[in-house]
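Below, chain A is the first sequence line, B the second, and so on; all start at residue 1.
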2 protein chains.
Amino acid sequence: MLAAREPVTLRALVEGTGASTMAVYTHFGGMPGLWSAVRQEGFTRLAARLAAVPRTDDAVHDLAALGVAYARTALEHPELYRAMFDAGADLADEAAADASFDRLVAAAARARDEGRLAPGADPRTLATQVWAAGHGLVSLVVQGVLPAEVLAPLATGTTVALLAAAGDDIDRCRASVEAAWAAG
Amino acid sequence: MLAAREPVTLRALVEGTGASTMAVYTHFGGMPGLWSAVRQEGFTRLAARLAAVPRTDDAVHDLAALGVAYARTALEHPELYRAMFDAGADLADEAAADASFDRLVAAAARARDEGRLAPGADPRTLATQVWAAGHGLVSLVVQGVLPAEVLAPLATGTTVALLAAAGDDIDRCRASVEAAWAAG
DNA sequence: ACTGAACCATAGCGTTGCTATGGCATGATG
DNA sequence: CATCATGCCATAGCAACGCTATGGTTCAGT
């Protein structure tokens, strides 16, 4: 129903399933609880997708690959992504969200420890910047403000800019990030 | 009602105003039309705030100042910002949005023409990256995912990274951007 | 003074999320 | 084996929602 742009109503939901509206209240406690479960499912899927990103010997590449997986997941089910970050709703699955974010932080820390970034670079700050920028781009694309074609080049440019500012060699960085987008 | 987190219903809206529910249909054509008008008002206010940003002889500073004004406007009325970029709604006032975005592009073009950026830097690309990154940060702050205190430092860092990647001297860039945040 | 259009108050329709109630299983207990 | 307790769901109905049909009111133009 989300994908079909149909309004998700309680009665339309149970129609054809053989169940009645009460089932939703027994298992989810109501419509808000159901939406919360939907968002939780979205974050769980996202975490699974990010966990499936293989670790290579290029931490910068891996950091970018996480961003690619993030974008791919969002664009495959834009309605789910919109529900996950819907206005006026808590994130609903802080554990899965934190786990995903920690993967970003870990990749940034590894890049620093491997000498790609400046010793003083803060992995958490860098991860937050990459996430926020990626979230902004994906949100605008999902909403139709930006065309999908510009996502890869813009995300690549922003990622390279952030990593280069953190100390990475710009040419080497660009090669790593572009490889991640080409592989995804 | 938006600010009070109360549900915006047609009946609650007209209560106390002396008007009846029909007035909404006469002037806005229904609730979707009213929300569209609310979003339009939001974009109009945003455009006014951005238009009020003074032009100095430092185009990079002005570019950052636009970002500061954007963030300030969003954080002053977070509920309005959420409504503006609410899921499943068109932007509703493309003219005002484009006008605001064009100011960003113009500032980037001026920075390039003044020699701050590389001659090959594309103002439109740079403006889109700055906007998307700022939108992502503001969205996460407005939603409560990120605390408001981190907005300024993170936005500063991202802006400097993007501009430095576009060719600006990093120290001079940081000074310009930080001045914009300090002034706003 | 008359006419036409614009506007809105009233009443009511269909649908929404939600709750109260009762029936039907299943499994533990004596 | 009978009995009871518990969990689950179908049914019916409630208040509130967005919306529409209808008729009365107001005001500008002739």
Side-chain angles (χ1 to χ4, degrees), chain A residues 1-45 77-97 142-145, chain B residues 1-45 77-97 142-145:
Chain A
M1 295 171 66
L2 247 59
R5 290 275 195 282
E6 297 169 359
V8 180
T9 70
L10 177 61
R11 285 174 170 82
L13 197 70
V14 300
E15 189 169 357
T17 65
S20 78
T21 62
M22 270 304 296
V24 174
Y25 288 86
T26 303
H27 297 289
F28 300 99
M31 284 299 280
L34 187 138
W35 280 111
S36 182
V38 167
R39 288 194 297 273
Q40 185 163 345
E41 170 71 17
F43 280 105
T44 302
R45 287 191 195 180
H77 297 289
E79 65 287 341
L80 187 55
Y81 188 82
R82 277 208 306 259
M84 286 164 63
F85 291 96
D86 196 20
D90 49 352
L91 276 193
D93 193 355
E94 210 162 329
V142 159
Q143 206 160 357
V145 179
Chain B
M1 293 171 66
L2 248 60
R5 289 276 194 282
E6 296 169 359
V8 179
T9 69
L10 177 59
R11 284 174 169 81
L13 196 70
V14 300
E15 190 169 355
T17 65
S20 78
T21 61
M22 269 304 295
V24 174
Y25 289 86
T26 303
H27 296 288
F28 301 100
M31 283 303 279
L34 185 138
W35 280 111
S36 183
V38 168
R39 289 195 296 273
Q40 185 162 347
E41 171 70 18
F43 280 105
T44 302
R45 288 191 194 180
H77 297 289
E79 64 287 340
L80 187 56
Y81 189 81
R82 276 207 306 260
M84 286 165 63
F85 291 96
D86 195 20
D90 49 352
L91 276 192
D93 193 354
E94 210 161 330
V142 159
Q143 205 160 358
V145 179

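Spacing between atom CH2 of A:W35 and atom P of C:dG17 amounts to 10 Å, rounded to whole angstrom units. The separation between B:M1 atom CE and D:dC17 atom C1' is 13 Å, rounded to whole Å. Remark: P of D:dC19 and CZ of B:F28 are 13 Å apart, rounded to the nearest angstrom. Counting to the nearest Å, the P atom of C:dT21 and the OH atom of A:Y25 are 17 Å from each other.
B:Y81 OH to B:L2 CG: the interatomic distance, rounded to the nearest 0.5 Å, is 15.0 Å. Atoms CG and CZ, from A:L34 and A:R39 in turn, are 10.0 Å apart once rounded to the nearest 0.5 Å.
Scored by the side chain to side chain donor-acceptor pair (under 3.5 Å) test, B:R11 finds no partners at all (sequence neighbours excluded). Residues passing the salt bridge (charged side-chain N to carboxylate O under 4.0 Å, His left out) test with A:E15, sequence neighbours excluded: none.
Closest approach of A:A12 and A:M1 over heavy atoms only: CB-CE, 3.9 Å. For A:T17 against A:V14, the heavy-atom pair with the smallest separation is OG1-O, 2.6 Å. Here the closest non-hydrogen pair linking B:L80 and B:G42 is CD2-CA, 3.8 Å.
Contacts between residues 2-15 of chain A and DNA chain C, defined by a heavy-atom separation below 4.0 Å, involve A:V8, A:T9, A:L10, A:R11, listed by number.
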Grab the N/O contacts between the protein and nucleotides 23-28 of chain D below 3.5 Å, and write none if there aren't any.
none

Protein N or O to nucleotides 5-10 of chain C N or O, pairs below 3.5 Å:
unit_1	atom_1	unit_2	atom_2	d
C:dC8	OP1	B:H27	NE2	3.2
C:dC8	OP2	B:H27	NE2	2.9
C:dA9	OP1	B:G18	O	3.2
C:dA9	OP2	B:S20	N	2.3
C:dA9	OP2	B:S20	OG	2.5

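No side-chain heavy atom of B:V145 sits less than 4.5 Å from a side-chain heavy atom of A:F85. Residues A:D86 and A:R82 form no side-chain contact, since every pair of their non-hydrogen atoms from C-beta on lies 4.5 Å or further apart.
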Show every donor-acceptor pair shorter than 3.5 Å between a side-chain atom in residues 22-32 of chain B and any protein atom, with sequence neighbours excluded, or say none if there are none.
unit_1	atom_1	unit_2	atom_2	d
B:T26	OG1	B:M22	O	3.1

